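The structure appears right after this line, and notes come after that.
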Amino acid sequence: MNSNSKQCKFLSFIVIVITLAVSSVYYKINKPNAYEIRVEDKVVAYVKVDNSIFSKIKALGDEVEKRFKTSKLKDSIAVYKSTVTEDYFIDEKLLDKAIIQNSGIQIDALSMLCDGKEIAIVANESEGKQALNKVANYYADKSGLKVKESRVKNKITYSKKKVMLSEVDTVDRVSERIKDVNLKSNKPVVTIEITGTVESKVTALPRTIVQPTNDLPLGQTKVQSEGKNGQKTVVKQITMENSKIISSKIISEKITVAPKDKIVLKGTKSAAAVNSTLLASPSRGTISSGFGMRWGRMHEGLDIAADLGTPIYAALDGTVTYSGWATGYGMLIKLKHKDGLETYYGHCSKLLVSEGQTVKKGDKIGEVGSTGNSTGPHLHFEVRVNGIPKDPAPYLKSIKGS
């Protein structure tokens with residue numbers, strides 16, 4: 001083989017290599033990277049090459065055919081391979097919307113009317129009812145209501161209407177529109193009456209039990225046990241118009257944690273009856289003024305006129321709770337006895353006991369005087385039961401004469 005022949009073969013090899021390289025680069029640059037989606041030969045979208053696109057498009061076509069009893073959309077969609085920059089791609093989630101919005105297909109649908117006014121365009125009555133039920137459940141869920149029944153208070157009707165496929169509302173869009181308020185009338189687009197039940201946990205308050213006892217003076221009370229709150233489950237039946245409650249009533253209550261009753265003891269023992277024969281005469285003298293109204297004011301004790309310095313005695317066993325000066329009373333001694341009984345000794349000239357001291361019935365505790373608001377020597381003697389002034393006369397057999 002001569003040198004010219006060898007040279008020709010080499011050149012041919014070089015040409016083939018270059019051609020393959022150029023072809024490879026060209027293929028890579030121009031390799032299809034997208035699916036071009038057309039509806040009625042109109043490009044509506046570009047998506048990345050993904051074979052799942054075909055099943056999504058088929059599902060959309062099947063759905064439209066089921067809703068509108070037509071295969072027009074399914075028959076009008078075509079898919080081609082294409083090469084575009086990524087700027088042209090749309091999100092696959094928006095593909096269905098892009099196809100519907102750009103389809104240009106007319107279908108038979110229904111105008112949904114509320115009291116004669118169109119509020120939506122739906123594929124069929126079933127979708128209109130689904131939207132109404134969805135709104136009823138929305139209001140019920142907001143209030144925690146378990147729905148028993150619901151009804152639309154407006155008149156809902158449907159009429160046939162030929163529209164573009166893109167004009168038909170989805171169930172979700174219809175329900176959102178129904179929840180709105182009509183801006184012109186400031187009233188709900190649709191009023192739905194919902195009846196159901198709601199369950200709640202509430203505090204069960206304890207009862208107050210009053211128990212009579214002879215251990216306390218008549219009328220005096222004492223809390224033996226404070227009681228404790230419990231818990232109960234309350235079921236209410238509620239009727240609403242949209243989110244507004246128009247009626248509510250309790251249909252059942254069940255105690256889940258029993259409350260503990262509050263126990264209050266109420267005294268039945270009459271201090272007057274018990275002590276009327278027990279009080280010793282507080283001093284020797286003559287009763288100069290009794291218990292009751294005097295000079296337009298209430299005289300809350302009785303006055304025993306006696307000479308200055310006459311002994312004053314404790315009418316009953318007790319404890320000194322006060323010994324000192326008191327407005328109106330002058331020099332005053334207060335004794336506390338059992339069963340809520342107290343005795344007061346006013347206008348003393350001398351105080352012979354001090355606070356906290358225990359005395360026995362008949363002990364000398366002071367001397368008659370004329371201190372405070374007094375017109376002459378005497379003992380002002382009071383009997384109080386649970387803080388309330390009582391006529392001392394029934395508590396005393398007699399007052400010893402001077």
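What you are looking at is a predicted structure, and each value in this text was computed from that prediction instead of being measured. Because only heavy atoms are used, hydrogens play no part in the values below, and waters and symmetry mates are left out as well, while side chains stay in.
To the nearest 0.5 Å, the span separating CD1 on I77 from CD1 on I99 amounts to 4.5 Å. The distance from the NZ atom of K201 to the NZ atom of K254 is 8.5 Å, given to the nearest 0.5 Å. For the atom pair K153 NZ and C114 SG, the distance stands at 12.5 Å (nearest 0.5 Å). Between atom NE2 of residue H347 and atom OG of residue S374 there is a gap of 5.0 Å, rounded to the nearest 0.5 Å. The distance from the OG atom of S323 to the CD1 atom of I365 is 8.5 Å, given to the nearest 0.5 Å.
Looking only at atom types and distance, the side chain of T197 has no donor-acceptor partner in the side chain of K236 under 3.5 Å away. Inspection of the S52 and D50 side chains reveals an N or O donor paired with an N or O acceptor under 3.5 Å. Under the 3.5 Å distance criterion, with hydrogens and angles disregarded, no donor-acceptor pair is assigned to the side chains of E241 and T191.
More than 12 non-hydrogen atoms from other residues, nucleotides or ligands lie less than 6.0 angstrom from NZ of K364. Heavy-atom contacts from other residues, nucleotides or ligands closer than 6.0 Å to NZ of K222 number 12 or fewer. Environment of CZ in R173: crowded, with over 12 heavy atoms of neighbouring residues, nucleotides or ligands closer than 6.0 Å. In K336, the NZ atom is not crowded: 12 or fewer heavy atoms of neighbouring residues, nucleotides or ligands sit closer than 6.0 Å. For K66, the NZ atom counts as loosely surrounded, since its 6.0 Å shell holds 12 or fewer non-hydrogen atoms of other residues, nucleotides or ligands.
In this structure S225 satisfies the side-chain contact (heavy atoms from CB on, under 4.5 Å) test together with K260, I263, sequence neighbours excluded. Residues passing the ring pair (Phe, Tyr, Trp, His ring centres under 6.0 Å) test with F54, sequence neighbours excluded: Y35.
In this structure, S159 and L113 have side chains that are in contact, with non-hydrogen atoms separated by less than 4.5 Å. Between I107 and V163 the shortest side-chain heavy-atom distance falls below 4.5 Å. At least one side-chain heavy atom of F68 sits less than 4.5 Å from a side-chain heavy atom of L165. Counting heavy atoms from C-beta on, the side chains of K69 and D108 never come closer than 4.5 Å. Between T375 and H378 the shortest side-chain heavy-atom distance does not fall below 4.5 Å. For the pair M331 and K350, the minimum side-chain heavy-atom distance is 4.5 Å or more. No side-chain heavy atom of K81 sits less than 4.5 Å from a side-chain heavy atom of V49.
Under the 4.0 Å criterion applied to side-chain N and carboxylate O atoms, E149 and R151 are not assigned as salt-bridge partners.
Among residue pairs with one or both ends in residues 123-174, none qualify as ring-ring contact (aromatic ring centres under 6.0 Å, His included); sequence neighbours excluded.
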